[in-house]
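Here's the structure we're looking at; comments come further down.
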Amino acid sequence: MHVVVNAAMSADGKLSTRRREQIPISGPDDFDRVDQLRADSDAVMVGVGTVLADDPSLTVDDPDRREARTERGDPANPARVVADSRIRTPPDARVLDGSAETYLLVSEAAPTDFIEEMEAAGAYVIAAGEDRVDLTTVLAKLEGEGVDQLMVEGGGELIFGLFEEGLVDELSVFVGPKILGGRDAPTLADGDGFVEDFPALDLTGVERLDDGVLLTWSVDGRTE
Ligand SMILES: NC(=O)c1ccc[n+]([C@@H]2O[C@H](COP(=O)([O-])OP(=O)(O)OC[C@H]3O[C@@H](n4cnc5c(N)ncnc54)[C@H](O)[C@@H]3O)[C@@H](O)[C@H]2O)c1
Ligand SMILES: Nc1nc(=O)c(N)c(NC[C@H](O)[C@H](O)[C@H](O)COP(=O)(O)O)[nH]1
């Protein structure tokens, strides 16, 4: 499986405001690039923090791109994947609106009645990990379901968790022309932070885009 993390951050490295309110950091060209990346992926993943903050749809916006997917025999939209250890996804979240397949990745601590509620709402539930989702195991299961290219759209907790497990192959970050500030505002990689064995990156691209810059890296030492 090829795992691509994509995010937009302010010039000071924040993914959103300290109130976790989503504000546009990307401009139209970057949003269009993100839409193409979704269209090129088998699944798009976020953490439940992003579902609660933004209620994203995670679908492909451009009808031509959806049509191109169906012409090559894929569903119009990639599958949606939410890492949600204890099931905080609301049953009326957009990711459960039926416009794409949705996998809910939960831990063994997830309450059984919540699992049933999510399945009734149309989600496929995959459980692994005692207290929080065991990302290595669930990504292997998703690969078994045919997910070869996984795009991860955040947020900072999930991105850190994936780096922690050595699961990221590629990182693309749009750095936009804003300062958001806030010591508690989400950043690209939050979690507990590394104190050693820092993941190392190889810069593969620098491109001026909208009023910002798109940086792409490949990740050293990723084990398949
Ligand atoms: N600018 C961008 O590109 C962008 C993209 C996505 C989200 N965001 C912002 O990020 C914020 C949400 O990010 P966040 O960090 O609060 O939440 P998140 O989206 O990273 O979700 C975190 C949740 O993921 C789940 N999870 C399960 N297993 C995990 C594991 N092994 N490791 C880590 N997480 C695991 C947990 O339930 C955890 O609470 C929002 O403010 C949103 O607007 C910005
Ligand atoms: N690429 C990007 N640039 C931004 O400036 C910005 N604020 C986000 N934020 C990601 C966001 O937190 C959501 O998760 C989805 O981008 C929303 O997805 P939908 O359009 O609803 O499908 N992402």
Side-chain angles (χ1 to χ4, degrees), residues 4-39 44-62 77-78 80-89 93-95 97 99-100 102-110 114 126-139 151-168 171-178 180 182 184-193 209-212 214:
V4 186
V5 170
N6 182 82
M9 68 182 192
S10 57
D12 58 325
K14 310 296 185 186
L15 295 189
S16 66
T17 69
R18 69 184 161 89
R19 293 182 179 159
R20 294 188 134 63
E21 283 160 353
Q22 222 223 126
I23 50 132
I25 298 167
S26 304
D29 290 348
D30 191 55
F31 278 125
D32 187 60
R33 182 192 61 82
V34 171
D35 199 56
Q36 182 65 57
L37 193 51
R38 284 184 185 179
V44 180
M45 181 180 193
V46 293
V48 66
T50 298
V51 169
L52 292 170
D54 304 344
D55 194 17
S57 72
L58 305 180
T59 50
V60 175
D61 205 31
D62 181 343
N77 287 300
R80 303 180 282 206
V81 180
V82 181
D84 187 2
S85 301
R86 288 169 181 270
I87 309 193
R88 290 188 290 146
T89 298
R94 282 200 190 120
V95 289
D97 67 5
S99 50
T102 299
Y103 292 91
L104 203 67
L105 311 178
V106 307
S107 73
E108 273 135 29
F114 280 20
I126 301 179
E130 233 170 81
D131 226 26
R132 66 175 205 170
V133 178
D134 175 343
L135 295 169
T136 305
T137 303
V138 291
L139 261 51
M151 173 188 183
V152 179
E153 287 207 32
E157 286 291 325
L158 175 64
I159 293 173
F160 180 81
L162 290 164
F163 273 110
E164 208 177 12
E165 297 279 313
L167 293 168
V168 182
L171 172 66
S172 49
V173 183
F174 176 79
V175 184
K178 282 191 171 77
L180 298 186
D184 297 326
T187 74
L188 185 67
D190 291 326
D192 291 334
L209 194 63
D210 296 316
D211 292 323
L214 175 67

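First listed ligand is number 1; within each ligand, the first listed atom is number 1. Just so you know, residue 1 is the first one in the sequence shown, and it goes up from there.
Ranking protein heavy atoms by distance to atom 27 (C) of ligand 1, first place goes to S85 OG, 3.0 Å. Protein heavy atom in closest approach to atom 42 (C) of ligand 1: D54 OD2, 3.5 Å. Atom 3 (O) of ligand 1 has its closest protein heavy atom at A8 N, 2.8 Å. Ranking protein heavy atoms by distance to atom 31 (N) of ligand 1, first place goes to V133 O, 3.1 Å. Looking from atom 17 (C) of ligand 2 to the surrounding protein, the closest heavy atom is P56 CB, 3.6 Å.
Contact annotation for R38 and ligand 2: only side-chain heavy atoms (C-beta onward) come within less than 4.0 Å of the ligand. With a 4.0 Å cut-off on non-hydrogen atoms, L135 touches ligand 1 through its side chain and not its backbone. Neither the backbone nor the side chain of L15 has any atom closer than 4.0 Å to an atom of ligand 2 (non-hydrogen atoms only). Contacts with ligand 1 closer than 4.0 Å are made by side-chain heavy atoms of S16 only, the backbone lying farther away.
Of all atoms in ligand 2, numbered sequentially from 1 with element shown, those under 4.0 Å from a heavy atom of S57 are 19 (P), 21 (O), 22 (O). Short contacts between ligand 2 and E153, defined as distances under 4.0 Å to a heavy atom of the residue, involve ligand atoms 15 (C), 16 (O). Taking every heavy atom of V34 and a limit of under 4.0 angstrom, the matching atoms of ligand 2 come to 1 (N). The ligand atoms of ligand 1 that sit less than 4.0 angstrom from a heavy atom of G161 are 32 (N). Below 4.0 Å from some heavy atom of P24 lie the following atoms of ligand 2, by number and element: 5 (O). Heavy-atom proximity to I25, at under 4.0 Å, picks out these atoms of ligand 2: 4 (C), 5 (O). Within ligand 2, the atoms closer than 4.0 Å to a non-hydrogen atom of F31 are 2 (C), 3 (N), 4 (C), 5 (O), numbered from 1 in the order shown.
Rounded to the nearest 0.5 Å, atoms CG (L135) and CG (L162) are 5.0 Å apart.
Look at R94 and you'll find every heavy atom at least 4.0 Å from all atoms of ligand 2. Contact between G154 and ligand 2 is absent, with no heavy atom of the residue lying under 4.0 Å from the ligand. Distances shorter than 4.0 angstrom occur between a heavy atom of D54 and an atom of ligand 2.
Residues F174 and I25 come closest through the heavy atom pair CE2-O, 3.4 Å.
Not one N or O of V46 is nearer than 3.5 Å to an N or O of ligand 1, by distance alone. Geometrically, ligand 2 and I23 share a nitrogen or oxygen pair separated by less than 3.5 Å. Residue contacts with ligand 1: M9 is placed with no nitrogen or oxygen under 3.5 Å of a nitrogen or oxygen of the ligand (distance criterion only).
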